[in-house]
Colleague: 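Before anything else, here's the structure in question.
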Number of protein chains: 2
Amino acid sequence: MTLDRDLIVRTALRLLDDVGLEKLSLRRLAKELDVHATALYWHFASKQELLDAMGRAMVQQVVAEGPLPRTWQEWLAHLARAQRQAVRSHRDGALLMMTARPTAEHQVEYLDQLVGRLLEAGFTAESAAAAFIAVSNFAIGAAFAEQQGRDLGEEALDDLILRSGEHPGVSGIVAAAQDLDATFERGLAWLLAGMRAELG
Amino acid sequence: MTLDRDLIVRTALRLLDDVGLEKLSLRRLAKELDVHATALYWHFASKQELLDAMGRAMVQQVVAEGPLPRTWQEWLAHLARAQRQAVRSHRDGALLMMTARPTAEHQVEYLDQLVGRLLEAGFTAESAAAAFIAVSNFAIGAAFAEQQGRDLGEEALDDLILRSGEHPGVSGIVAAAQDLDATFERGLAWLLAGMRAELG
DNA sequence: ACCTGAACACCGTTCAAGT
DNA sequence: ACCTGAACACCGTTCAAGT
């Protein structure tokens, strides 16, 4: 079993799920691969480059799957769900996405088809780009909050529930945190409805 | 000049702007405070607790400022801008926000007033919570992308511009990345318009 | 080409000891 | 109560040396 970039990245992502990003060290990863830590430096110039590759693998893995959508709404919804799903696909996915530097070519052809649909539907070039970015940011922000809120569930959520009495607004938040999928779809629907309204 | 939690947090946030989160070590921070690294352990149980306090200070600093808004749209817009501004207020702010565990009481009374306005405007309890969460996630996702894209600007952006010829969709993205404030406001407006449409 | 082994300059954290 | 000082078990990275 000889070492190569692909094997290293796959092993690193598996290890990430086991121990979390904080404890994912080159030494630990090397032990998993039955190799000295310094051997990794022949394949990656630095740990940062390995993290970049891990982030890339994480997003590419998800965006490709599923049938291609038809309407522009379905395109944007598919993008949002895929992006959220990518971040959710690994422990500390949001943290990894933040740590890994973005690859430029991300998925240019996907973006191109999506923008094409938007232009056909009446979007201007600027609003098409803004739509892509808005949906993207919303999806990643949602996944971000979700993964961050995981350790909140233990003690802080109980604290929030205690405050529900004096603060009526809080109880709705607690309920929404219980059904993250529905909350996500609601926000996505609002974004798309706002765009639809602007189109006329 | 005796040490206390407040001074430590303020110094840590200043140091964060100087060196970035990756190089923000307790030893470095201690040197800044003319103290041994282990002295910090009397005030914070762990580095994680210090990071939590830093995250808390970062958001509280911003959400309080400015006059209180009137309509529910203005409330949500104010929330979105404040949240984005908080993340932008320090280097690696998004990374810090992800690393720091959320404080439950965040700003309960602010949330309460906001939810109150939404209910008056015709939102159900569930949709009011979803609205708060959607706007919040969108804002943080935007700040996230912005801070991540900063080091993209150098080489990867040039690479993207090169591809603009073959891929027409890309050029719009490049333009949108040039005016992040406008792109943010556009997305926010879509979200609010979608909510308005649902109300009737 | 691909990996080992030793070494360097760091980390967070614990704990006894000082004042 | 508040801090020092030594020590422990780690880090990422460089570089010569092996095969």
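Order of the sequence lines sets the chain letters (A, B, ...), proteins ahead of strands, with each chain counted from 1. Just so you know, these numbers come straight off a predicted model, no measurement behind them.
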Colleague: What I want to find out is whether Arg84(A) reaches Asp181(A) closely enough, with some N-O distance under 4.0 Å, to be called a salt bridge.
Modeller: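 A salt bridge is present here (some side-chain N lies under 4.0 Å from a carboxylate O).
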
Colleague: When you measure from the side chain of Ser136(B) to the backbone N and O of Ile133(B), does any donor-acceptor pair fall under 3.5 Å?
Modeller: no

Colleague: Does dC3(D) have OP1 or OP2 sitting under 4.0 Å from an N or O in the side chain of His36(B)?
Modeller: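 For dC3(D), neither OP1 nor OP2 has a side-chain N or O of His36(B) closer than 4.0 Å.
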
Colleague: So does Phe44(A) get a backbone contact from the side chain of Arg5(A), meaning a donor-acceptor N/O pair under 3.5 Å?
Modeller: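 Flag not set: sc Arg5(A) to bb Phe44(A) has no pair under 3.5 Å.
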
Colleague: Could you tell me which non-hydrogen atom of Trp72(A) sits nearest to which non-hydrogen atom of Arg196(A), and how far apart they are?
Modeller: CH2-N, 3.9 Å

Colleague: Measure CG/Asp4(A) against C1'/dA1(C) and give the value in whole Å, please.
Modeller: 14 Å

Colleague: When you measure from the side-chain N and O atoms of His43(A) to the phosphate of dA1(C), is any distance below 4.0 Å, counting only OP1 and OP2?
Modeller: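 No, His43(A) has no side-chain N/O under 4.0 Å of OP1/OP2 on dA1(C).
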
Colleague: Leu7(A) has an atom CG; how far is it from atom P of dC2(C), in whole Å?
Modeller: 14 Å

Colleague: What is the distance, to the nearest angstrom, from the CH2 atom on Trp42(A) to the C1' atom on dT4(C)?
Modeller: 15 Å

Colleague: Distance alone, cut at 3.5 Å: any donor-acceptor contact between the side chains of Tyr41(B) and His36(B)?
Modeller: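 No pair is found: no donor N or O on one side chain lies under 3.5 Å from an acceptor on the other.
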
Colleague: Between atom CD1 in Ile8(A) and atom P in dC2(C), what is the gap in whole Å?
Modeller: 11 Å

Colleague: Do the side chains of Arg91(A) and Asp17(A) get close enough for a salt bridge, i.e. N-O under 4.0 angstrom?
Modeller: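 Salt bridge flag = no for Asp17(A) with Arg91(A).
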
Colleague: How does DNA chain D read in dot-bracket, base by base from 5' to 3', with Watson-Crick or G-U pairs under 3.5 Å and | used when the partner is on another strand?
Modeller: ||.|||||...|||||.||

Colleague: Identify every side-chain donor-acceptor pair in residues 183-193 of chain B under 3.5 Å, counting partners at least two apart or on other chains, and give the distances.
Modeller:
from      : atom 1 : to        : atom 2 : distance (Å)
Thr183(B) : OG1    : Ala176(B) : O      : 3.1
Thr183(B) : OG1    : Asp179(B) : O      : 3.1
Glu185(B) : OE1    : Arg81(B)  : NH2    : 3.1
Glu185(B) : OE2    : Arg81(B)  : NE     : 2.8
Trp190(B) : NE1    : Glu198(A) : OE1    : 3.1

Colleague: Across nucleotides 7-19 of chain C, 5' to 3', mark each nucleotide with B, S or - according to how protein heavy atoms within less than 4.0 Å reach it.
Modeller: B---BBBB-----

Colleague: Can we say Arg10(B) and Asp6(B) salt-bridge, meaning some charged N sits less than 4.0 Å from an Asp/Glu carboxylate O?
Modeller: yes

